[in-house]
S.K.: 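My structure is below; once you've seen it, I'll send some questions.
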Amino acid sequence: MAKKNKITTIHERISLQPCPIGLQGKCCKICLMGPCRVVSKDIKGVCGASQDVIVARNILRFVAGGTSAHCGHAFHFLNYLKKKYPKDYIKKKSPHYLYKLWSKLGIVPKIHFEHFKDISEALHLSTMGVDADYQDIMKWTMKLGIIDGYYGMYLATELEDFVFNKPKPKTAELDLGVIKTDKINIAVHGHEPMLAESLVAEIKKPNNKDINLIGVCCTGASVLARHGIPLAANFVLQEDVIATGVIEVMAVDIQCIMPSLADLCECYHTKLITTNELCKIPNTLHFPIKNKKSAQEIAKKIIAIARKNRKNRKTKEIKIEKKKSKKKVVIGFTPDSLPLKEIAEKIKKRKIKGIIGVIGCANPRVKENWISFYKKLSKDYIFLTTGCMAFKLGQEGLLDGKKFFHLGSCVNNSRIAETFKRIAELCKHEITDMPFLISCPMPITEKAIAIGFFFASLGVDVHFGYPFLISSDTTIADFLENVLKEHFRSKIFLETLPQKLLQKIKKDGLATIFK
Ligand code: SF4
Ligand code: MSK
């Protein structure tokens, strides 16, 4: 039906080619004398900015965007709960040796909104004609990584666990096959699960047995982990959910929500409802939630709208091959429920070679089969995973709770950081000495890059499988791979081919002490 109405989805639009210069971060459009393309090291922008400065500034701005999203998430949660920022948060949460190092480097952000000022200062210093020292710009990128980790992911996860309880391991189902033709389908999509949690509470009531609540993206991953609510789709499949033709309501909160959803919903009967005051989409219903009470009221209203809308469904639309498109998964792990001692022992006795955190988005531009690569590695490594990549691993039936552990949504990457911290403590080493790797093979969003910088600040090597504004011929790529380790004992590197990453892992090992 979408095709008949000339509405495209991501699967068609992906054929639009990305700009190769922009992809490598070699284009500056910060001022109107540009955009300037600095394709080689001897070309400068109109203002005289070098390629190094331009690439570094682009990365800093990207990371600032990602950090603002995660910090906004935590900030919205504090508002929702009417709570204040905790004091000395980073000092309390981080390993003492890292806190000492970061203090020495002058990159520990302060609290009480000072970190929002840091994000704004990062944007300021990267405007035209301010910071022209690429090393200083990269130092700011690390600072934002720390902010993203603690005032974004750690804080948001902790608040979610405080108010909605910590997830516990359980089995559930995932992929488009969880959508049910014989039920009223309500999809929750986005990243901040406040409204989704109210919907979960509502559908448990006996009078709501006709509702099938399903998740999409990270709000979906969050209610999957906490309640076993089936996860229908990751980011890339969000339009396919609507195109089944059997979704009565899709309620979206914040981040990774494709603007195309509104056009698509018009082709079908689906009502698209935005629920966060920052996210408005023309021609949709807008019910912003403010606190628990309004979330409960809006959840009830959404169920009523969905029920009323059921009669408008044209039932023959659904085209999901049931068998292929529903997988059993084990989900809901946190550092409290993972077998940390057992894993630490296995590492010490060299029974496993290390832990790989597979994180981030599933960029449809990437054609390499990273999933089968991780599957092969799982003989020797334990995998911790979150976000859209966790969904992909689940689609292949790998989320078994034995070798592959699902730790939730993107902000729940703090659970991976915390697991690294605790296992390092059990092994009586610093994080950086441990055989840990973060692999983000298919990044899409600014958030995915910010997360990478957070892990690098902890001393963990970070792999990206798609050029995130760097290419190997730039000073910045060399800086991230070779210079960063002077301070942080970690590197951020680009490797687009699984086979080459394998060679790198074999050659270098994942950590110095455990080689
Ligand atoms: Fe070009 Fe400099 Fe303006 Fe960037 S800031 S667009 S490099 S003139
Ligand atoms: S949803 S940030 S596409 S992982 Fe968290 Fe997926 Fe990336 Fe959005």
Side-chain angles (χ1 to χ4, degrees), residues 10 21-22 25-39 43-58 60-62 65-70 72-73 125-132 134 137 148 152-153 156-157 188-193 215-222 224-225 231-239 252-258 357-366 385-394 406-413 416 438-452 464-466 468:
I10 190 171
I21 298 164
K26 293 174 182 168
C27 169
C28 181
K29 50 185 175 57
I30 283 169
C31 92
L32 296 173
M33 291 190 292
C36 300
R37 294 165 155 194
V38 284
V39 285
I43 300 175
K44 294 204 164 152
V46 176
C47 67
S50 65
Q51 187 193 67
D52 298 346
V53 168
I54 287 171
V55 176
R57 279 195 312 213
N58 285 338
L60 178 62
R61 289 191 151 225
F62 217 72
T67 304
S68 72
H70 286 148
H73 184 146
L125 74 90
S126 57
T127 56
M128 198 267 261
V130 185
D131 200 345
Y134 82 86
I137 297 169
D148 185 67
M153 296 190 290
T157 300
V188 284
H189 172 16
H191 281 75
E192 294 180 359
V216 178
C217 246
C218 277
T219 291
S222 178
L224 169 81
L231 181 64
N234 60 359
F235 169 82
V236 177
L237 290 177
Q238 60 184 282
E239 294 170 311
V252 300
D253 52 79
I254 205 113
Q255 300 168 20
C256 297
I257 297 148
M258 287 191 201
V358 176
I359 63 144
C361 328
N363 193 332
R365 295 220 177 271
V366 177
T385 184
T386 55
C388 287
M389 282 309 292
F391 180 88
K392 273 188 95 69
L393 289 164
H406 181 267
L407 276 85
S409 67
C410 297
V411 290
N412 301 147
N413 276 312
I416 298 185
I438 286 294
S439 181
C440 178
M442 311 164 87
I444 298 175
T445 67
E446 295 161 320
K447 292 175 286 173
I449 308 305
I451 295 166
F464 284 103
Y466 188 69
F468 66 100

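Note that ligands are numbered from 1 as they come in the structure, with each ligand's atoms numbered from 1 the same way.
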S.K.: Check whether more than 12 heavy atoms from other residues, nucleotides or ligands sit under 6.0 Å from atom CZ of R61, and answer yes or no.
M.R.: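 Counting other residues, nucleotides and ligands, CZ of R61 exceeds 12 neighbours.
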S.K.: Between V38 and ligand 1, which residue portion shows a heavy-atom distance shorter than 4.0 Å: side chain, backbone, both, or neither?
M.R.: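 None of V38 does.
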S.K.: What are the atoms of ligand 2, with element, lying closer than 4.0 Å to any heavy atom of C218?
M.R.: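 In order of numbering, the contacting atoms are 1 (S), 5 (Fe).
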S.K.: Side chains of H70 and I451, heavy atoms from C-beta outward: is any pair under 4.5 Å?
M.R.: yes
S.K.: Could you tell me, atom by atom, which parts of ligand 1 come under 4.0 Å of a heavy atom of M128?
M.R.: 5 (S)
S.K.: Compare all side-chain heavy atoms of Y466 with those of M442 and state whether any distance is below 4.5 angstrom.
M.R.: no
S.K.: What are the atoms of ligand 1, with element, lying closer than 4.0 Å to any heavy atom of G34?
M.R.: 6 (S)
S.K.: Quick one: pull up NZ in K44 and SG in C28 and give me the separation to the nearest 0.5 Å.
M.R.: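 Separation between the atoms: 14.0 Å.
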S.K.: Report the part of C217 (side chain from C-beta onward, or backbone N, CA, C, O) that has a heavy atom under 4.0 Å from ligand 2; answer both or neither where that applies.
M.R.: side chain
S.K.: Just need the protein heavy atom nearest to atom 6 (Fe) of ligand 2, so name the residue and atom and give the distance.
M.R.: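 In this structure, atom 6 (Fe) of ligand 2 has C388 SG, 2.2 Å as its nearest protein heavy atom.
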S.K.: So which heavy atom in the protein is nearest atom 7 (Fe) of ligand 2, and how far is it from that ligand atom?
M.R.: C361 SG, 2.4 Å
S.K.: Counting only heavy atoms, which portion of C256 has something under 4.0 Å from ligand 2: side chain, backbone, both, or neither?
M.R.: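 Side chain only.
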S.K.: Using a strict 4.0 Å cut-off to heavy atoms of H191, name the atoms of ligand 2 that fall inside it.
M.R.: 1 (S), 5 (Fe), 8 (Fe)
S.K.: With side chains defined as the heavy atoms from C-beta onward, is the minimum distance between P364 and I10 less than 4.5 Å?
M.R.: yes
S.K.: Evaluate the side-chain proximity of M153 to D148: yes if any heavy-atom separation is below 4.5 Å, no if none is.
M.R.: yes
S.K.: Which of the atoms of ligand 2 are close to C410, meaning less than 4.0 Å from one of its heavy atoms?
M.R.: 2 (S), 4 (S), 5 (Fe)
S.K.: Taking atom types as modelled, find out whether N412 and T386 have a side-chain donor-acceptor pair closer than 3.5 angstrom.
M.R.: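 Per modelled atom types, N412 and T386 side chains form no pair under 3.5 Å.
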S.K.: If only atom types and distance count, is the side chain of Q238 paired as donor or acceptor with the main-chain N or O of M258 below 3.5 Å?
M.R.: yes
S.K.: Report the member of G45, C28, A49, C47 with the shortest heavy-atom distance to atom 8 (S) of ligand 1.
M.R.: C47
S.K.: Quick one: which ligand 1 atoms are inside 4.0 Å of a heavy atom on I54?
M.R.: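 Reading through ligand 1 atom by atom, the close ones are 7 (S).
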S.K.: Hey, which atoms in ligand 1 end up nearer than 4.0 Å to a heavy atom of C36?
M.R.: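 With C36 as reference, the close atoms of ligand 1 come out as 1 (Fe), 6 (S), 7 (S), 8 (S).
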S.K.: So is N234 close enough to ligand 2, meaning a heavy atom under 4.0 angstrom away?
M.R.: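 N234 does not count as a contact of ligand 2 under the 4.0 Å cut-off.
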S.K.: Using only atom types and a distance under 3.5 Å, with no angle test, would you say the side chain of T385 pairs donor to acceptor with the backbone of V358?
M.R.: yes
S.K.: Are S409 and ligand 2 in contact, using a heavy-atom cut-off of under 4.0 Å?
M.R.: no
S.K.: Should the proximity of Q255 to ligand 2, defined as any heavy atom under 4.0 Å, be assigned to the side chain, the backbone, both, or neither?
M.R.: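 For Q255, there is no contact with ligand 2 at all, from either part.
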S.K.: Are any side-chain N or O atoms of D131 and backbone N or O atoms of L125, one a donor and one an acceptor, separated by less than 3.5 Å?
M.R.: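 Such a contact is absent between D131 side chain and L125 backbone.
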S.K.: Among all protein heavy atoms, pick out the one at the shortest distance from atom 3 (Fe) of ligand 1; state its residue, atom name and that distance to 0.1 Å.
M.R.: C31 SG, 2.4 Å
S.K.: What atoms of ligand 2 come within less than 4.0 Å of a heavy atom belonging to K447?
M.R.: 2 (S)
S.K.: Considering only heavy atoms of R57, which atoms of ligand 1 have at least one such atom less than 4.0 Å away?
M.R.: 4 (Fe), 5 (S)
S.K.: Please examine the side chains of H191 and V411, heavy atoms only from C-beta on, and report whether any two atoms are closer than 4.5 Å.
M.R.: no
S.K.: For a 4.5 angstrom cut-off between non-hydrogen side-chain atoms, does T445 reach Q255?
M.R.: no
